[in-house]
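The block underneath contains the structure these notes are about, expressed in structure tokens.
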Amino acid sequence: MGSTGLLHLICLVIALVSVSLVQAEDAYKYFTWTVTYGTLYPLASPQQVILINGQFPGPRLDLVTNENVILNLINKLDEPFLLTWNGIKQRKNSWQDGVLGTNCPIPPNSNYTYKFQAKDQIGTYTYFPSTQLHKAAGGFGALNVYHRSVIPIPYPNPDGDFTLLVGDWYKTNHKTLRQTLDSGKSLAFPDGLLINGQAHSTFTGNQGKTYMFRISNVGLSTSINFRIQGHTLKLVEVEGSHTVQNLYDSLDVHVGQSVAVLVTLNQPPKDCYIVASTRFTETPLTTTAVLHYANSFSSALGPVPAPPVDKYDFDWSMKQARTYRWNLTANAARPNPQGSFHYGKITPTKVIKLANSAPLINGKLRYAVNSVSYVNPDTPLKLADYFNIPGVFSVNLLQNSPSNGPGYIGTSVLQTSLHDFIESWFRPVDRC
Ligand SMILES: *[C@@H]1O[C@H](CO)[C@@H](O)[C@H](O)[C@H]1NC(C)=O
Ligand SMILES: *[C@@H]1O[C@H](CO)[C@@H](O)[C@H](O)[C@H]1NC(C)=O
């Protein structure tokens, strides 16, 4: 072998070694979670709640991008139970995000092991039960995805990190609430608002330091407005997208949404109120928590900061949402599958205009999208698709734009092809 040949061989060996290093497998995290009923007093009176490993809300799931999760969920309830993982994207190697149709609810006294990977989506999310109105009883929790050290984030690492799961709450058992809905009536007004399952929580920080507050609306029916007495909120992330960092006095967070803000404790050492109140409701429900300065000896004093002036001002909320801008130079889960950053310049394969409505169907109130009120079929969608079972779902039911026709019941599936580029518009019709 000549010296050039030897050099080639060495290069080849080095190349092979580095390939195997690069492909070293991402870390695995293992969990066993048991779902049970328990009795707690979220609003002073005893009621049945859903616990995960004895906790309400469930355990906070902190992940780092690229970590694999193997999570064995044991259902000890008397009903099938399905957890949906927000922020876990459906993809070839990770389709187990707990969405009905792809994943089945876990029958009572059995277990299922979710396997998924936290990929690219640095940010604030939640997991929650998505069937049987279980969310009205608990079973939800925080899912935070942190960045690997090699991935930059567009703000300095905060001095601390608080998670606030805020939501409306009913004293009524979830089965009774479900009966109300099944009988065709709408939900009553909630009994209160909770932060992390409690009516009183305290978050402690040091004067001069900056903290991240991750705020999610885990409620059933009402939007909330969030604010901190004497402090501004610097918005840095909305559901896994880093934003242009605007300052806000208060933020509207709608059901299912999450935002992350940075708050600097730049005030004299005095405790302050953290306030959440319901939006667009006749009589707002309000709950407070306390931001405690570690060097403070005085407790929080009212008045608590006021909500936006007009409680029915939908435009205020819409305008605020439009100020949330993607920071296009910060890292993100990009590019899209079409391999392009130029979203505005791709010709959509299909444009779908959607509108919701609340029609009466067979004398019962139901919710519908483009007139179709979805019913879950007995045969799981994924199985029907895989085995080509006819008559389970329909791909022609949903029209590409809303009409004013009456609502009807159906199992509608929107059909698309791999790498299609879909533009979808959403127009809320019944706004509350
Ligand atoms: C159920 O849990 C057992 C251990 O408790 C585990 O060995 C088994 O794989 C789990 N089954 C499923 C379907 O996840
Ligand atoms: C966007 O992110 C980049 C990269 O981290 C940062 O330098 C820049 O200040 C951010 N821009 C805004 C407007 O927040």
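Whatever order the structure lists ligands and atoms in, that order sets their numbers, starting from 1.
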Checklist entry - Going by the order shown, which atoms of ligand 1 are within less than 4.0 Å of some heavy atom of Asn111? => result 1 (C), 2 (O), 3 (C), 8 (C), 10 (C), 11 (N), 12 (C), 13 (C), 14 (O)

Checklist entry - Can you name the nearest heavy-atom pair linking Asn206 to Tyr211, along with the distance? => result N-OH, 2.7 Å

Checklist outcome for this item: Nearest heavy-atom contact between Gln132 and His174 is O-CD2, 3.7 Å

Checklist outcome for this item: Closest to atom 9 (O) of ligand 1 among protein heavy atoms sits Thr113 OG1, 4.6 Å

Checklist entry - What residue and heavy atom of the protein are closest to atom 6 (C) of ligand 1, and at what distance? => result Asn72 ND2, 4.0 Å

Next on the checklist: When you compare the side chain of Met212 with that of Tyr155, does any pair of heavy atoms fall below 4.5 Å?
Outcome noted: yes

Any atoms of ligand 2 less than 4.0 Å from a non-hydrogen atom of [X]? List them with their elements.
| X | value |
| --- | --- |
| Ala330 | 2 (O) |
| Pro154 | 2 (O), 5 (O) |
| Gln245 | 14 (O) |

Checklist entry - Under 3.5 Å, is there a donor-acceptor pair between the Asn217 and Gln257 side chains? => result no

Checklist entry - N/O of Asn327 under 3.5 Å from N/O of ligand 2, yes or no? => result yes

Checklist entry - Does Glu423 come within less than 4.0 Å of Lys353, counting only side-chain N to carboxylate O? => result no

Next on the checklist: Is there a ring pair (Phe, Tyr, Trp, His ring centres under 6.0 Å) between Phe203 and His292? Walk through the geometry before answering.
Outcome noted: CA-CA 6 Å; Phe203 302 88; His292 172 61; over 10 Å; no

